[in-house]
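Following: one structure in structure tokens, then a few remarks.
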Amino acid sequence: MASELQLSVRRLSTLLKHCFPSPSSFLVRSRSILIQSSRTINHHSSRHCFPSLSRTFYSSPLLNLNSTDTEGPAAIDYRSLLQEDEFHSLADSTIHDLQEKFEEYGDSVQIDGFDIDYGNEVLTLKLGDLGTYVLNKQTPNRQLWLSSPVSGPSRFDWDRSAQAWVYRRTKANLLNVLESEMGQLFGEPIKLA
């Protein structure tokens with residue numbers, strides 16, 4: 001019974017952490033709920049395992065949308081969203097340019113497992129033990145998605161003013177990210193622009 005009670009209290013505590021947006025509201029509400037629950041548990045027989053407990057759920061937003069202290073992605077200006085044909089033209093041009101530059105670079109370096117593959121609108125750059133880059137088009141979002149062995153996943157939008165693919169969260173340019181990361185991996189600078 002004691003271990004079941006501890007497990008129930010842990011589960012309740014975990015649930016409460018996800019329900020309340022601020023630590024202070026969590027502490028105040030969870031303390032009163034836990035005290036009330038423990039009184040109810042002590043009052044009832046352990047044989048029936050909480051038969052008269054009513055279920056009460058508290059709901060509150062997970063994110064405080066009025067808060068200014070959280071930093072998130074820049075807002076999307078839907079007026080600047082690319083038309084599908086323009087998106088395909090820009091994305092295909094970028095992917096094919098990168099493929100050519102990677103092939104040229106691959107001819108001049110000695111990296112075991114270096115391989116470039118393009119198929120089904122997906123560019124894959126294998127760097128052996130250093131990892132694999134994958135770049136593909138996401139037409140519904142008008143984005144290029146990058147999977148990097150260094151920085152993980154990123155989603156790049158076309159920035160008309162910069163004339164470049166930009167990651168909205170960090171304002172990083174796709175080509176600059178690739179140049180920087182590959183320079184770190186290879187130990188020498190690489191120029192993709």
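Counted within 6.0 Å of CD on Q83, heavy atoms from surrounding residues, nucleotides or ligands total 12 or fewer; the atom is thus considered open.
Atom CG of residue L178 and atom NZ of residue K101 lie 11.5 Å apart, to the nearest 0.5 angstrom. With values rounded to the nearest 0.5 angstrom, S154 atom OG is found 11.5 Å from W145 atom CH2. T139 OG1 to H88 NE2: the interatomic distance, rounded to the nearest 0.5 Å, is 4.0 Å. Interatomic distance, D157 CG to F87 CZ, rounded to the nearest 0.5 Å: 9.5 Å. With rounding to the nearest 0.5 angstrom, the OG atom of S180 is 11.5 Å from the CD1 atom of I190.
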Which donor-acceptor pairs under 3.5 Å do the side chains of residues 104-128 make with protein atoms, sequence neighbours left out?
residue : atom : partner : partner atom : Å
Y105    : OH   : E188    : OE2          : 3.3
S108    : OG   : Y105    : O            : 2.9
E121    : OE2  : K137    : NZ           : 3.3

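Taking both residues in full, the closest heavy atoms of E181 and Y133 are given as OE1-OH, 2.9 Å, listed atom of the first, atom of the second, then distance. Shortest non-hydrogen contact noted between P149 and G131 is CB-CA, 3.8 Å.
Between the side chain of E179 and the main chain of L192, a donor-acceptor pair closer than 3.5 Å is present. In this structure, the side chain of T94 engages the main chain of L90 through a donor-acceptor pair within 3.5 Å.
With hydrophobic clusters built from ILVMFWY side chains whose heavy atoms lie under 4.5 angstrom apart, L175 does not share a cluster with V166. Linking ILVMFWY side-chain heavy atoms closer than 4.5 Å, directly or via other members, places V134 and L146 in two distinct hydrophobic clusters.
In this structure the side chain of L135 never reaches within 4.5 angstrom of the side chain of F156, judged on heavy atoms. Using a 4.5 Å heavy-atom threshold, the side chains of I95 and L144 count as touching. Between L82 and R160 there is a side-chain heavy-atom pair separated by less than 4.5 Å.
Residues passing the salt bridge (charged side-chain N to carboxylate O under 4.0 Å, His left out) test with E103, sequence neighbours excluded: none.
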